Amino acid sequence: MSDNVKVEFGGKTSEYPVLSGTVGPDVIDIRKLYGATGAFTYDPGFTSTASCQSAITYIDGDAGVLLHRGYPIDQLAEQSSFMEVSYLLLNGELPSKDELDKFSYTISRHTMLHEQLATFYRGFRRDAHPMAIMCGVVGALSAFYHDSTDITDPKQRLIASHRLIAKIPTIAAMAFKYSVGQPFVYPKNELSYTANFLRMTFGVPAENYEVDPVIESAMDKIFILHADHEQNASTSTVRLAGSSGANPFACIAAGIACLWGPAHGGANEAALNMLREIGTPDRIPEYIARAKNKDDPFRLMGFGHRVYKNFDPRAKVLGKAATEVLDKLGINDPVLDTARELEQIALKDQYFIDKKLYPNVDFYSGVILSAIGFPTTMFTVLFALARTVGWVAQWNEMISDPEQKIGRPRQLYMGAGPRDYVPVDKR
Ligand code: SDX
């Protein structure tokens, strides 16, 4: 704890404690500010606001560092697995082999969906965006798994957490199958989490599906890189929904809805569409000029970040992985050359330098996902699949936080002052 902060306001002085975390910026605890001064703080977009205490993920935006329970993301991406990172996010420590085997076994025993849920898909148009299907089906889970919706019961919270992590790949794969008119493929639990997902997505009942280890490893690494990221917009949405006592399935559905936005998780789909629209490197200057033009709403998708004012470490790992995966798969995608050229040009451009805009997690991921065989409409679904464990870990942390209460921000009111009603014949 550092010194207090004094505020002189309205002729009065009030003091507020400064709290320090393990690493990162101190916070000024202003919970008593309104009571003492009658004034609110004002921070649209929460650019300077810590909404909670958390021990799950830490980002140093200036240094381009991302830690999950203290472990650097590049080490986890290179040496760990998505199941192991999921255990780490949920439990706070890396598991022993036995703990990991038990956790993986538990998750694999929840991969099937209630059969009635399959009929939900048939209510959607075949060309429905898979994210629309994800929002609908995940929200509907609370209509099927009543025995894990009581958030005051730790056992029910644990089962709901396992169900969400286990079923989200099945739901995602079914959304893809439905969009291409192929039959759903049931989980096969002797496969790894990621291999199971790939088989449900790309396998067909008519023949055996052999998981390509190169693709499985790339997919698993992508899941690790998207698993959690502090209090981003969708995680804050999950926490806010959870703060009212809403059931976990409804909270995760709210997170999926928020992630869909192109400024957030929807950027991976938008970034590849943008790279394809640019087409060849000679057209890059035209798009850079548009991105800098205040009168043009166009932004370079996959660039910039609220927290990273240096390289997004995930983008670095994905940039390297894109070359490796395409080489191993023998794919020569000109979009990757355009992406590399765009990155080089943007990083030398004064506008991007001044505004500290670097490639983020969404800039290269689409190149790899496209090489694996996913259509762009599935990209944000994959982001949601991976982020579900982060949302679940953050939701559990929030529920167990003794300081947590229902989230209810205030406002700066700019509307009409008090006035009397005027009957319509007198207006
Ligand atoms: C994710 O928060 C997280 O952790 C999110 C995430 C996670 O893992 O959960 O990391 C995942 O959402 C990554 C971000 C994906 N989004 C995009 O790639 C979309 C393009 N990027 C932007 O829309 C933007 O950079 C944001 C939304 C990501 C961040 O916006 P901020 O922090 O609110 O910053 P801003 O919009 O105020 O921009 C600051 C300035 C502005 O110019 P000025 O008004 O100061 O003149 O930078 C400009 C912006 O116009 N700017 C860009 C730009 N991003 C910001 N200009 C051109 N192209 C861009 N991409």
Side-chain angles (χ1 to χ4, degrees), residues 43-51 54 56-62 64-68 73 77 85 89 131 222-239 255-275 278 284-318 339 342-343 345-347 349-366 379-380 382-391 393-394:
D43 185 16
F46 311 117
T47 51
S48 304
T49 295
S51 61
S54 179
I56 299 172
T57 293
Y58 171 70
I59 302 171
D60 180 335
D62 294 328
V65 166
L66 166 56
L67 307 177
H68 287 319
I73 189 64
V85 170
L89 291 172
M131 280 300 279
I222 286 176
F223 286 162
I224 291 171
L225 292 165
H226 288 79
D228 191 54
H229 212 238
E230 278 193 9
Q231 306 312 315
N232 57 83
S234 52
T235 298
S236 301
T237 302
V238 170
R239 279 180 172 261
I256 291 172
C258 176
L259 185 76
W260 194 2
H264 190 13
N268 55 14
E269 176 179 355
L272 194 74
N273 289 339
M274 173 193 74
L275 290 169
I278 292 174
I284 290 173
E286 172 197 334
Y287 284 82
I288 296 267
R290 284 189 57 196
K292 291 155 63 173
N293 177 357
K294 281 278 148 252
D295 302 327
D296 187 335
F298 172 79
R299 286 196 166 179
L300 276 191
M301 301 317 281
F303 255 78
H305 199 276
R306 172 61 58 76
V307 178
Y308 290 121
K309 301 307 170 193
N310 193 322
F311 251 92
D312 180 335
R314 302 167 297 176
K316 274 192 184 163
V317 175
L318 285 165
L342 174 57
E343 177 184 353
I345 295 174
L347 293 183
D349 184 290
Q350 208 51 49
Y351 172 91
F352 291 86
I353 295 169
D354 294 346
K355 294 183 187 299
K356 299 184 178 174
L357 302 174
Y358 290 86
N360 59 50
V361 68
D362 295 311
F363 188 64
Y364 283 109
S365 56
F379 290 0
T380 311
L382 298 167
F383 194 149
L385 189 167
R387 186 54 59 89
T388 292
V389 67
W391 289 331
Q394 298 268 355

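Whatever order the structure lists them in is the order used to number ligands and atoms, beginning at 1. Along the sequence shown, residues carry numbers from 1. No experiment lies behind these values; they were computed from the predicted model shown.
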Indicate, as side chain, backbone, both or neither, the part of R314 found under 4.0 angstrom from ligand 1 when only non-hydrogen atoms are considered.
side chain
At a non-hydrogen distance cut-off of under 4.0 Å, which region of K355 contacts ligand 1 (side chain, backbone, both, or neither)?
side chain
Can a non-hydrogen atom of A270 be found less than 4.0 Å from any atom of ligand 1?
no
Is the closest heavy-atom distance from R387 to ligand 1 below 4.0 Å?
yes
Would you say the ring centers of Y358 and Y308 fall short of 6.0 Å from each other?
no
Within the structure, does D362 bring an N/O atom to less than 3.5 angstrom of an N/O atom in ligand 1?
no
The reported gap from CG in L259 to CG in N268 (rounded to nearest 0.5 angstrom) is 8.0 Å
Do ligand 1 and A233 have nitrogen or oxygen atoms that lie under 3.5 Å from each other?
no
What part of H226, side chain, backbone, both or neither, has a heavy atom within less than 4.0 angstrom of ligand 1?
neither
Location of contacts on Y351 toward ligand 1, heavy atoms closer than 4.0 Å:
side chain
Test your reading of the model: is there a side-chain donor-acceptor pair from T380 to the backbone of W260, 3.5 Å cut-off?
no
So, 4.0 Å and heavy atoms of K294: is ligand 1 close enough to count as a contact?
yes
Heavy atom of A263, distance to ligand 1 below 4.0 Å:
yes
Is L357 touching ligand 1 with its side chain, its backbone, both, or neither, if touching means heavy atoms under 4.0 Å apart?
side chain
Could you tell me whether P262 approaches ligand 1 through its side chain, its backbone, both or neither, with non-hydrogen atoms closer than 4.0 Å?
backbone
